[in-house]
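Structure first, then comments.
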Amino acid sequence: MHIILSKQSLSPNVTRLDVRAPRIAEIKKPGQFVIVRSNKGHERIPLTIADADPENGTIALVIQAVGKTTRELVALAVSDSIRDVSGPLGNPTELIDSGRALCVGGGVGTAVVHPIAKALHERGVEVTSVIGARSKDWIIFKDELMKCGETISCTDDGSAGRKGFVTDAARQRLESGGIDIVYAVGPVPMMRAVAEMTRPFGVRTIVSLNPVMVDGTGMCGGCRVDVGGETKFACVEGPEFDGHKVDFEMLADRLKTYHEFERHADSCADGKCLIRR
Ligand code: NAD
Ligand code: FES
């Protein structure tokens, strides 16, 4: 059992839980994730390790409440426990040792960008972060990223920072030259747009994919994605891949596969089951 030591609301539907998981906190690397099951028989969901404190034996999980399972998780209180936290899973981020990196985070994906930017900064890489959200209240991890280097915030409605998508600010930064690598994490259309934007510049672009995952160990095939014409299992061969090679259309299609089941789970939770018996 993994006790929740602190809980913080980061935006209207994003919550941070700091959870006791000493072994994971000690060995995790940027880019890795855990698979969490709140209780016996509950759905298993992959969550990025947004931060870790090895001394206190805690990891930070950032959860966007979008379905039945994520809503159950964010309803947990401090001193409640999560039954299973498996990990760290996946391959660590490919980090450069020197030079300049551009880290682009969209919405809740900014929580995934944070450990990458932090590790790059600790190695002496010059980091610029561009983070985006629909409006002011939805910006997350800004203070943490500012500790890693220049940080440009963008909002769709212009209520904070620059008005517009992250791609607008990221393009400007790229055009000013000197960027050796781009890391982009966020909604699929955002990662696709960033990859298309960086392609003509020839700048290596790493994206973190978020397909449906079940076992997280390469056994079920649920997380398969197409990268450079080859099938890859994101849980064991990713979750990060070369953004210029990812088939984003297939990823978006596969993410839609379970929408009907999710709607069903939601309706049952509300006592209004959609399935006619
Ligand atoms: P959102 O839809 O509010 O978008 C956040 C920001 O991304 C926007 O403000 C904008 O700057 C940028 N963006 C969105 N669409 C864009 C486009 N077409 N072109 C350029 N920029 C664009 O984000 P949200 O609601 O926080 O994100 C939810 C999605 O992110 C979910 O689908 C979730 O599955 C996904 N997600 C992905 C990862 C990952 O590892 N890739 C991690 C967490 C969440
Ligand atoms: Fe089952 Fe990746 S989650 S193979």
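Counting starts at 1 for both ligands and their atoms, following the listed order.
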Study note, to complete from the structure: So for Arg224 against ligand 2, with non-hydrogen atoms under 4.0 Å, the contacting part is neither
Using a strict 4.0 Å cut-off to heavy atoms of [X], name the atoms of ligand 2 that fall inside it.
X      : answer
Gly218 : 4 (S)
Cys223 : 2 (Fe), 3 (S), 4 (S)
Asp215 : 1 (Fe), 3 (S), 4 (S)
Val214 : 3 (S)

Less than 4.0 angstrom from a charged side-chain N to a carboxylate O is my criterion; do [X] and [Y] meet it?
X      : Y      : value
Lys245 : Glu230 : no
Arg123 : Asp97  : yes
Lys118 : Asp51  : yes

Exercise for review: Using 2.8 Å as a strict upper limit, say whether an N, O or S atom of Cys220 approaches atom 1 (Fe) of ligand 2 that closely.
Suggested key: yes
Point to revise | 4.0 Å heavy-atom contact, Cys154 with ligand 1 | key: no
How close does the nearest protein non-hydrogen atom get to [atom], and which residue and atom is it?
atom                    : value
atom 17 (C) of ligand 1 : Phe165 CE1, 3.5 Å
atom 33 (C) of ligand 1 : Asn210 ND2, 3.6 Å
atom 26 (O) of ligand 1 : Val108 N, 2.9 Å
atom 41 (N) of ligand 1 : Ser208 O, 2.6 Å
atom 23 (O) of ligand 1 : Pro187 CG, 3.5 Å
atom 18 (N) of ligand 1 : Pro189 CB, 3.5 Å
atom 25 (O) of ligand 1 : Arg134 NH2, 2.7 Å
atom 13 (N) of ligand 1 : Met190 CB, 3.7 Å
atom 4 (S) of ligand 2  : Gly221 N, 3.1 Å

Residue [X] vicinity, atoms of ligand 1 by number, heavy atom under 4.0 Å:
X      : answer
Thr167 : 20 (C), 21 (N)
Gln64  : 24 (P), 25 (O), 26 (O), 28 (C)
Gly107 : 5 (C), 6 (C), 23 (O), 26 (O)
Val185 : 39 (C), 40 (O), 41 (N)
Met191 : 41 (N)

Under a 4.5 Å cut-off applied to non-hydrogen side-chain atoms, are [X] and [Y] in contact?
X      : Y      : value
Thr205 : Tyr183 : no
Met190 : Val185 : no
Lys232 : Asp226 : no
Pro88  : Ile49  : yes
Ser6   : Gln8   : no

Exercise for review: Applying salt bridge (Lys or Arg N to Asp or Glu O under 4.0 Å), run through Glu72 and Lys68 and close with a yes or a no.
Suggested key: CA-CA 6 Å; Glu72 280 169 2; Lys68 180 175 179 285; 3.1 Å; yes
If I apply the N/O under 3.5 Å rule, does [X] come out as touching ligand 1?
X      : answer
Gly106 : no
Ala133 : yes
Ala193 : no

Check your understanding: Going by atom types only, do Ser135 and Asp137 share a side-chain donor-acceptor pair under 3.5 Å?
Key -> no
**Study point:** Distance-only polar pair, side chains of Asp215 and Thr217, donor-acceptor under 3.5 Å
**Key:** yes
Revision key, fill the gap. Heavy atoms of Val113 and Gly105 approach each other most closely as CG2-CA, 3.8 Å
Check your understanding: Considering only heavy atoms, does Asp156 approach ligand 1 within less than 4.0 Å through its side chain, its backbone, both, or neither?
Key -> side chain
Review point. Around Glu175, counting heavy atoms of other residues, nucleotides and ligands shown, do more than 12 lie under 6.0 Å from its CD?
Key: yes
Check your understanding: Do Leu209 and Phe233 sit in the same hydrophobic cluster, where Ile, Leu, Val, Met, Phe, Trp and Tyr count as joined when their side-chain heavy atoms come under 4.5 Å apart?
Key -> no
Practice item. Take Ser129 and His114 through the test side chain to side chain donor-acceptor pair (under 3.5 Å) and record every step on the way to the result. Key: CA-CA 9 Å; Ser129 302; His114 170 247; over 6 Å; no
